[in-house]
Asker: 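Sharing a structure with you now.
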Amino acid sequence: MSLPPLPPPVWVNLESTLGCNLECVMCGPFLSGVTKKRRVMEPALIERVERQLLGGAHDLSLTVAGEPFMTPKLRQFVELAERSGVSLQLNTNATLIKPGELLERLLRVASLVTFSVDAATPEVYAAIRVKSDLPRVLANIRLVVGLREALPRRERPRLALAMVWMRDNLEELPLMVELVSELGLDRLEVAHLTAFDPENEARSLRHVPERADAISEVAWERARALGVRLHLPPRFDGRPHAVSRRHRLRLATREARSLDRSRLARLWRKARHDLALGRWQRRAGGTLSCGFLRGKVMVSIGGDVAPCPMPGRPVLGNLLEQDFDTIWNGSVLRSMREGLLRGDPHACCRHCSQNPERYDPSDPATVRPGERGW
């Protein structure tokens, strides 16, 4: 199969720092020792990212392994977003957020800030996010919510809560839905545990699938009652979560009220990319089920380019040694795209949560994937 060149990515994920101040029990980078090295991205690489990747992108994410509020270059990344016109996205543990001019500037150029919390009960939270403190984290989140509400509507980012769902916090899911509503956040994002350490595999919910499915239904009922947008992985019994038309309409109506020229411009850029992607898929003779292979890319702290931040990902090349255009339509990515199109995905794609046609949370190979190469 000879694939045509794919349009450049619209979402760029930078490993802006590897440092983190917490010691979370399920965190692969912490367990491998990487987060203690406190490495940051060098100026020469940031300059190449700006010149070669951001011309057509609309989102720049600063999160892979580390805590973005730890990088001494955070101001530089905010200035990069202001200068290039992209929107920032970041995932933070919310322990290091401080009021001030930099935080306000960051919120003005951000499209999404996600707070990783994992539990609504202080004792459960403290057992998972070691060296953190839930009351302080919630105070920082409330600070951000207040600053967002003071911004003009066109500059307000979406705010989300995220949790890694596992046996340690199995019963917390409905409480997390309530916490999202109480804090005034936009959604709750839930992901199953990926066990980077063999001992962590026992934490997986695949060992208690019936209980997990029952609690997920309670959480859905709570989300419907409170009008919370809930992003949940599939049920273990294979049935999709039923989302009523009324709930969809309620969420869509609320989000439509927040539309402004800035958000409409982002939607227009996304629509243009989707049209170009549609033309590519027609020429290629199939549909790419993976959002990363369609229009996303990751750059590591040392310049290695990967298709995604998921476990087992290949390295496609290095931005300090090659032009990005050569990497983006190079042999490795072409082969990965061909594999999805013909229904024979590469090993790292077969059990990935980003491949909805193949993802099975009850599969041991999904919970404990191949080595990631931190």
Asker: Indicate if Val177 and Val190 have the same hydrophobic cluster label, given that clusters are the connected sets of ILVMFWY residues with side-chain heavy-atom separations under 4.5 angstrom.
Answerer: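 Yes.
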
Asker: Could you tell me whether the side chain of Thr95 reaches within less than 4.5 Å of the side chain of Arg136, counting heavy atoms only?
Answerer: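 Result yes, sub-4.5 Å side-chain heavy-atom pair found.
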
Asker: Is any side-chain N of the basic residue among Arg222 and Glu217 closer than 4.0 Å to the acidic one's carboxylate O?
Answerer: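 No salt bridge links Arg222 with Glu217.
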
Asker: Go through the side-chain N and O atoms of Ser116 and Asn93 and say whether any donor and acceptor fall under 3.5 Å apart.
Answerer: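 Side-chain D/A pair, Ser116 to Asn93: absent.
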
Asker: I'd like to know whether Val12 forms a side-chain contact (heavy atoms from CB on, under 4.5 Å) with Val86, so could you lay out the CA-CA distance, the side-chain angles of the two residues, the decisive distance to 0.1 Å, and finally the verdict.
Answerer: CA-CA 10 Å; Val12 178; Val86 298; over 6 Å; no

Asker: Honestly curious: do Met176 and Leu112 fall in one hydrophobic cluster under the side-chain, below-4.5 Å linking rule?
Answerer: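 No, because Met176 and Leu112 fall into different hydrophobic clusters, even though each may have its own neighbours under 4.5 Å.
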
Asker: Between Glu50 and Arg83, is there a salt bridge with N-O shorter than 4.0 Å?
Answerer: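 A salt bridge is present here (some side-chain N lies under 4.0 Å from a carboxylate O).
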
Asker: Between Glu338 and Arg334, is there a salt bridge with N-O shorter than 4.0 Å?
Answerer: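 Salt bridge between Arg334 and Glu338, a charged N being under 4.0 Å from a carboxylate O: no.
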
Asker: Using modelled atom types and a 3.5 Å cut-off, is there a donor and acceptor pairing between side-chain atoms of His273 and backbone atoms of Gly56?
Answerer: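 It does not hold such a pair.
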
Asker: Would you confirm whether Glu172, through its side chain, and Thr121, through its main-chain N or O, come within 3.5 Å as a donor-acceptor pair?
Answerer: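 Side chain of Glu172 to backbone of Thr121: a pair is present.
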
Asker: In terms of side-chain heavy atoms, does Gln89 have a donor or acceptor partner in Thr63 at a distance below 3.5 Å?
Answerer: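 The criterion, which ignores hydrogens and geometry beyond distance, is not satisfied for Thr63 and Gln89.
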
Asker: Out of curiosity, Ser300 OG to Asn318 CG, how far, rounded to the nearest 0.5 Å?
Answerer: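 Rounded to the nearest 0.5 Å, the OG-CG separation comes to 7.0 Å.
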
Asker: Stepwise, does the side-chain contact (heavy atoms from CB on, under 4.5 Å) test hold for Arg105 with Arg75?
Answerer: CA-CA 9 Å; Arg105 284 176 65 185; Arg75 182 177 296 274; 3.3 Å; yes

Asker: Could you tell me if the side chain of Phe115 sits less than 4.5 Å from the side chain of Ile97, heavy atoms only?
Answerer: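 In contact.
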
Asker: Please check if any side-chain donor atom of Thr92 sits under 3.5 Å from a side-chain acceptor atom of Glu67, or the reverse.
Answerer: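 Side-chain D/A pair, Thr92 to Glu67: present.
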
Asker: Checking Arg48 side chain against Leu319 main chain: does a donor-acceptor pair fall under 3.5 Å?
Answerer: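 Confirmed, Arg48 side chain pairs with Leu319 backbone.
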
Asker: Which heavy atom in Asp168 sits nearest to a heavy atom in Val124, and how many Å separate them?
Answerer: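 Heavy-atom minimum between the residues: O-CG1, 3.6 Å.
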
Asker: Looking only at atom types and distance, does a side-chain atom of Arg142 sit under 3.5 Å from a main-chain N or O of Leu183, one as donor and one as acceptor?
Answerer: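 Checked: no pair found.
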
Asker: Backbone N or O of Ile301 within a donor-acceptor pair of the Glu15 side chain at under 3.5 Å?
Answerer: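 Yes.
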
Asker: Quick one: list whatever passes side chain to side chain contact (heavy atoms under 4.5 Å, CB included) with Ala276, sequence neighbours left out.
Answerer: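 Listed in chain order: Pro7, Arg279.
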
Asker: Less than 3.5 Å apart, any donor N or O on the side chain of Asp59 or Ser111 sitting next to an acceptor on the other?
Answerer: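 Indeed, the side chains of Asp59 and Ser111 share at least one donor-acceptor pair under 3.5 Å.
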
Asker: Check the hydrophobic clustering (I, L, V, M, F, W, Y; side-chain heavy atoms under 4.5 Å; chains of links allowed) and say if Leu102 and Leu80 are grouped together.
Answerer: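 Yes: a chain of side-chain contacts under 4.5 Å links Leu102 to Leu80.
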
Asker: Is a side-chain donor or acceptor of Ser204 paired with a backbone partner of Arg206 at a separation under 3.5 angstrom?
Answerer: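 Checked: pair present.
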
Asker: Could you check if a side-chain atom of Leu147 sits within less than 4.5 angstrom of a side-chain atom of Leu151, using non-hydrogen atoms only?
Answerer: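 With C-beta onward as the side chain, the pair stays apart.
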
Asker: Show your working on side-chain contact (heavy atoms from CB on, under 4.5 Å) between Arg313 and Cys308 and close with a plain yes or no.
Answerer: CA-CA 7 Å; Arg313 63 187 182 248; Cys308 64; 4.1 Å; yes

Asker: Is there side-chain contact between Asp344 and Arg350, with at least one heavy-atom pair below 4.5 Å?
Answerer: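 Asp344 reaches Arg350 side chain to side chain.
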
Asker: Would a distance-only check, ignoring hydrogens and angles, find a side-chain to backbone donor-acceptor pair under 3.5 Å from Thr71 to Lys73?
Answerer: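 It does hold such a pair.
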
Asker: Got a sec, which residues hit side chain to side chain donor-acceptor pair (under 3.5 Å) with Arg51, two or more places apart in sequence or on another chain?
Answerer: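 Scan of Arg51 (side chain to side chain donor-acceptor pair (under 3.5 Å), adjacent residues dropped) gives Glu47.
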
Asker: Rounded to the nearest 0.5 Å, how far does CG of Leu173 lie from CE of Met163?
Answerer: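 Reported to 0.5 Å precision, the distance equals 5.5 Å.
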
Asker: I'd like to know if Glu155 pairs up with Arg153 as an ion pair, taking the criterion as any Lys NZ or Arg NE/NH1/NH2 lying under 4.0 Å from an Asp or Glu carboxylate oxygen.
Answerer: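 Salt bridge absent between Glu155 and Arg153.
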
Asker: How long is the straight-line distance from CD of Glu101 back to CG of Leu103, given to the nearest 0.5 Å?
Answerer: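 Between Leu103 CG and Glu101 CD, I get 10.0 Å after rounding to 0.5 Å.
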
Asker: For Glu149, does the CD atom have more than 12 heavy-atom neighbours from other residues, nucleotides or ligands under 6.0 Å away?
Answerer: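 It does: Glu149 CD has more than 12 such atoms within range.
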
Asker: Would you call Phe292 and Pro309 a side-chain contact if the rule is heavy atoms closer than 4.5 Å?
Answerer: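 Yes, side chains in contact.
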
Asker: Search all heavy atoms of Trp280 against all heavy atoms of Pro5 and return the closest pair with its distance.
Answerer: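 Looking at all heavy atoms of both residues, the closest pair is CD1-O, 3.2 Å.
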
Asker: A side-chain contact here means heavy atoms from C-beta on lying under 4.5 Å apart; do His346 and Ser335 qualify?
Answerer: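 In contact.
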
Asker: Do Ile141 and Leu161 touch side chain to side chain, with heavy atoms closer than 4.5 Å?
Answerer: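 In short, these two side chains touch, coming nearer than 4.5 Å.
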
Asker: Does the Asn169 side chain pair with the main chain of Asp118, one donor and one acceptor, at a distance under 3.5 Å?
Answerer: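 Checking the backbone N and O of Asp118 against the side chain of Asn169, a donor-acceptor pair under 3.5 Å is found.
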
Asker: So, Asp186 side chain and Leu159 main chain: donor-acceptor pair closer than 3.5 Å or not?
Answerer: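 Yes, because the side chain of Asp186 sits within donor-acceptor range (under 3.5 Å) of the backbone of Leu159.
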
Asker: How close do Val208 and Arg167 get, counting heavy atoms only, and between which atoms?
Answerer: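 That closest heavy-atom pairing would be CG1-NH2, 4.0 Å.
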
Asker: What distance separates Met336 CE from Leu288 CG, expressed to the nearest 0.5 Å?
Answerer: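 Atom-to-atom, Met336:CE and Leu288:CG are 10.5 Å apart.
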
Asker: How far apart are the closest heavy atoms of Leu107 and Pro157, and which atoms are they?
Answerer: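 So the two residues come closest at O-CD, 3.4 Å.
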
Asker: Just checking, is any N or O donor in the side chain of Ser87 or His58 under 3.5 Å from an acceptor N or O on the other one?
Answerer: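 The answer is no; no qualifying pair exists.
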
Asker: Is there a path of hydrophobic side-chain contacts, each under 4.5 Å between heavy atoms, that joins Leu45 and Trp328?
Answerer: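 Both belong to a single hydrophobic cluster.
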
Asker: So that I can tick it off, tell me whether Glu210 and Arg235 are bridged by a salt bridge, with the cut-off set at under 4.0 angstrom between side-chain N and carboxylate O.
Answerer: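 Answer for the salt bridge query: no.
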
Asker: Any chance you could measure Glu171, atom CD, to Leu175, atom CG, to the nearest 0.5 Å?
Answerer: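 The CD atom of Glu171 sits 9.0 Å away from the CG atom of Leu175.
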
Asker: Could you please spell out the steps behind the side-chain contact (heavy atoms from CB on, under 4.5 Å) verdict for Val228 and Arg187?
Answerer: CA-CA 6 Å; Val228 168; Arg187 64 182 187 242; 5.9 Å; no

Asker: Quick one: closest heavy-atom pair of Ser132 and Leu22, and the distance?
Answerer: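 The pair with the smallest heavy-atom distance is CB-CD2, 3.7 Å.
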
Asker: Write down the atom of Leu96, the atom of Asn140, and the distance for their closest heavy-atom approach.
Answerer: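 So the minimum-distance heavy-atom pair works out to N-ND2, 4.4 Å.
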
Asker: Donor-acceptor pair, Gln281 side chain versus Thr287 backbone, under 3.5 Å?
Answerer: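 Here the side-chain-to-backbone pair does not exist.
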
Asker: Would you call the rings of Trp165 and His192 parallel, tilted or perpendicular if under 30° counts as parallel and over 60° as perpendicular?
Answerer: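 The arrangement is parallel - the two ring planes meet at less than 30°.
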
Asker: Contact between Leu106 and Phe77 at the side-chain level, heavy atoms closer than 4.5 Å - yes or no?
Answerer: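 With C-beta onward as the side chain, the pair stays apart.
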
Asker: Hey, could you give me the CG/CG distance between Leu185 and Leu179, rounded to the nearest 0.5 Å?
Answerer: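 Interatomic distance, Leu185 CG to Leu179 CG, rounded to 0.5 Å: 7.0 Å.
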
Asker: Flag yes if Trp11 and Leu54 sit in one hydrophobic cluster, no otherwise; membership is Ile, Leu, Val, Met, Phe, Trp, Tyr, and two members link when side-chain heavy atoms are under 4.5 Å apart.
Answerer: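 No, because Trp11 and Leu54 fall into different hydrophobic clusters, even though each may have its own neighbours under 4.5 Å.
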
